[in-house]
Amino acid sequence: MKIAVFSTKKYDTLYLQPALEANGHQVHFLQTRLDDETLALADGFTAICIFVNDSLTARGIEYLSKRGLKYVLLRCAGFNNVDLDAAEKFGVKVARVPAYSPYSVAEFAVGLMLMLNRNLHKAFNRVRAGNFSLEGLTGFDMRNRRIGIIGTGKIGLLTGKICRGFGSEVVCYDPYPNPEGAKEYGMSYVDLDSLIATCDIISLHCPLLPSTHHMINTETLSKMKDGVMLINTSRGGLIDTVALIKALKSGKVGQVGMDVYENESNMYFEDSSDSIMLDDVFSRLLTFHNVCITGHQAFLTREALENIAQETASNLEAFING
Ligand code: NAD
């Protein structure tokens, strides 16, 4: 089968390509992201393989399904970038990799917490500039932080578990609680309002849905503790970025660690600065020294890449074998 892989990443040629080719498929790398402008590149392919910042709209699905597309292989957990209703309508099957390595993302979320909690980002820059001053670098012991986990699925539970290892108090919220999992990891459920109002660090681990879009907004931000730290490794649309910028300006929000951001799929991050397109709101975020942003990297470990490759290849075989 001819498979079009939308990717510019070398690691996909190292992990994904051999996994797909091992089953006898022809893999063609299209060195761009998928959106309505680049659809035609996938003309005639039976399967396409895409990632988080690709966008497959209803128009795209209709167009490609009329040109032979049968399978969409998402090599990520989230699926908000594919119009699933259109896929169903046009008979295109969509698979994702729901749990390639929750540890990768949970460890990354905690890494952001530790970095911000101890001002490591500021310290690195200072020492590089020959400045060994400790002024303003006083942090907190993690054991004295109350941490709120929003969304207790695979990643949220592990994040809470790691935080418990530091002795932190961990509370959580999920409309579909997992009492056994939370108990096992020493976390307790509270209602969302209470979590928002009482935690020093709030970490988001729920999917982006119509019901969770902008769940962190002017109103919820106003109820948070002064100087709260926000961590988002889930999806950018969970946070109203304009409201967040206002809360950063007022000092309501003390620190932000984010691996994902609104309009991420419209921003095309590559190694060359020539191909970086930033929107105004995102550029404004970058001006805050208490905001640490990474480029959707939380998943990126060798273990996760291996699992993504193997799961994507087996999803395709499952489709082929009915
Ligand atoms: P999961 O499906 O295992 O868990 C999600 C949890 O969110 C579920 O328990 C669900 O009940 C809960 N939830 C749903 N609506 C909610 C709401 N309104 N409030 C609170 N909780 C709610 O998912 P997961 O694998 O743990 O992934 C969590 C998030 O991490 C997803 O958004 C996923 O896209 C993202 N993710 C990011 C990266 C990255 O590299 N940054 C990698 C993988 C996953």
Side-chain angles (χ1 to χ4, degrees), residues 7 9 11-12 50-55 74-82 84 94 96-113 147-163 170-182 184-185 187 189-196 199 202-217 219-220 230-240 256-262 264-265 267 269 292-308 311-312:
S7 173
K9 302 287 187 273
Y11 57 69
D12 283 326
I50 61 175
F51 195 53
V52 284
N53 52 3
D54 295 301
S55 161
L74 279 159
R75 52 181 189 280
C76 55
F79 46 85
N80 51 293
N81 53 340
V82 175
L84 294 179
V94 182
R96 66 183 177 123
V97 183
Y100 42 87
S101 178
Y103 292 92
S104 314
V105 184
E107 288 173 12
F108 197 89
V110 177
L112 288 172
M113 288 178 203
I147 296 169
I149 303 286
I150 299 185
T152 52
K154 296 172 286 297
I155 296 170
L157 275 183
L158 279 174
T159 304
K161 179 187 179 187
I162 299 170
C163 293
V170 183
V171 293
C172 52
Y173 166 76
D174 194 310
Y176 309 100
N178 174 354
E180 290 83 29
E184 185 185 339
Y185 293 159
M187 301 155 60
Y189 281 101
V190 293
D191 63 58
L192 185 58
D193 281 349
S194 153
L195 184 152
I196 280 176
C199 286
I202 297 176
S203 195
L204 304 177
H205 298 286
C206 54
L208 178 61
L209 304 167
S211 59
T212 58
H213 180 252
H214 284 188
M215 71 188 302
I216 304 300
N217 52 39
E219 192 191 341
T220 43
L230 288 181
I231 302 291
N232 189 7
T233 55
S234 286
R235 284 294 177 266
L238 297 175
I239 299 181
D240 175 346
V256 179
M258 56 204 300
D259 188 47
V260 289
Y261 10 84
E262 282 192 285
E264 194 178 322
S265 59
M267 287 190 242
F269 287 89
C292 284
I293 305 183
T294 48
H296 209 131
Q297 180 199 331
F299 73 98
L300 194 61
T301 63
R302 285 168 192 236
E303 292 81 356
L305 289 173
E306 185 59 39
N307 289 339
I308 288 170
E311 279 290 308
T312 303

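When a ligand or atom number is given, it counts from 1 through the structure's own listing order.
Of the residues listed (Ile147, Ile150, Ile149), the one engaging Leu195 in a side chain to side chain contact (heavy atoms under 4.5 Å, CB included) is Ile150, and it is the only one.
The line from OG1 of Thr212 to CG of Leu204 is 9.5 Å long, rounded to the nearest 0.5 Å.
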Distance-only donor-acceptor pairs under 3.5 Å for side chains of residues 98-110, two or more places apart:
unit_1	atom_1	unit_2	atom_2	d
Ser101	OG	Ser104	N	3.3
Ser101	OG	Ser104	OG	2.6
Ser104	OG	Ser101	O	3.4
Ser104	OG	Thr301	OG1	3.0

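Residues satisfying the ring-ring contact (aromatic ring centres under 6.0 Å, His included) test with Phe51, not counting sequence neighbours, are Phe299. Glu184 is linked by a side chain to side chain contact (heavy atoms under 4.5 Å, CB included) to nothing, counting only residues two or more places apart in sequence or in another chain.
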Tabulation required: pairs of a nitrogen or oxygen in ligand 1 and a protein nitrogen or oxygen under 3.5 Å; columns are atom names and distance to 0.1 Å; otherwise 'none'.
unit_1	atom_1	unit_2	atom_2	d
ligand 1	3 (O)	Lys154	N	3.0
ligand 1	3 (O)	Lys154	NZ	2.7
ligand 1	9 (O)	Gly153	N	3.4
ligand 1	9 (O)	Asp174	OD2	2.6
ligand 1	11 (O)	Asp174	OD1	2.7
ligand 1	11 (O)	Asp174	OD2	3.3
ligand 1	26 (O)	Lys154	N	3.3
ligand 1	26 (O)	Ile155	N	2.9
ligand 1	32 (O)	Cys206	O	3.2
ligand 1	34 (O)	Arg235	NH1	3.3
ligand 1	34 (O)	Arg235	NH2	3.2
ligand 1	40 (O)	His296	NE2	3.4
ligand 1	40 (O)	Phe299	N	3.1
ligand 1	41 (N)	Thr233	O	2.9
ligand 1	41 (N)	Asp259	OD2	3.0
ligand 1	41 (N)	His296	NE2	3.4

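Distance alone, capped at 3.5 Å, places no donor-acceptor pair between the Thr220 side chain and the Ile196 backbone.
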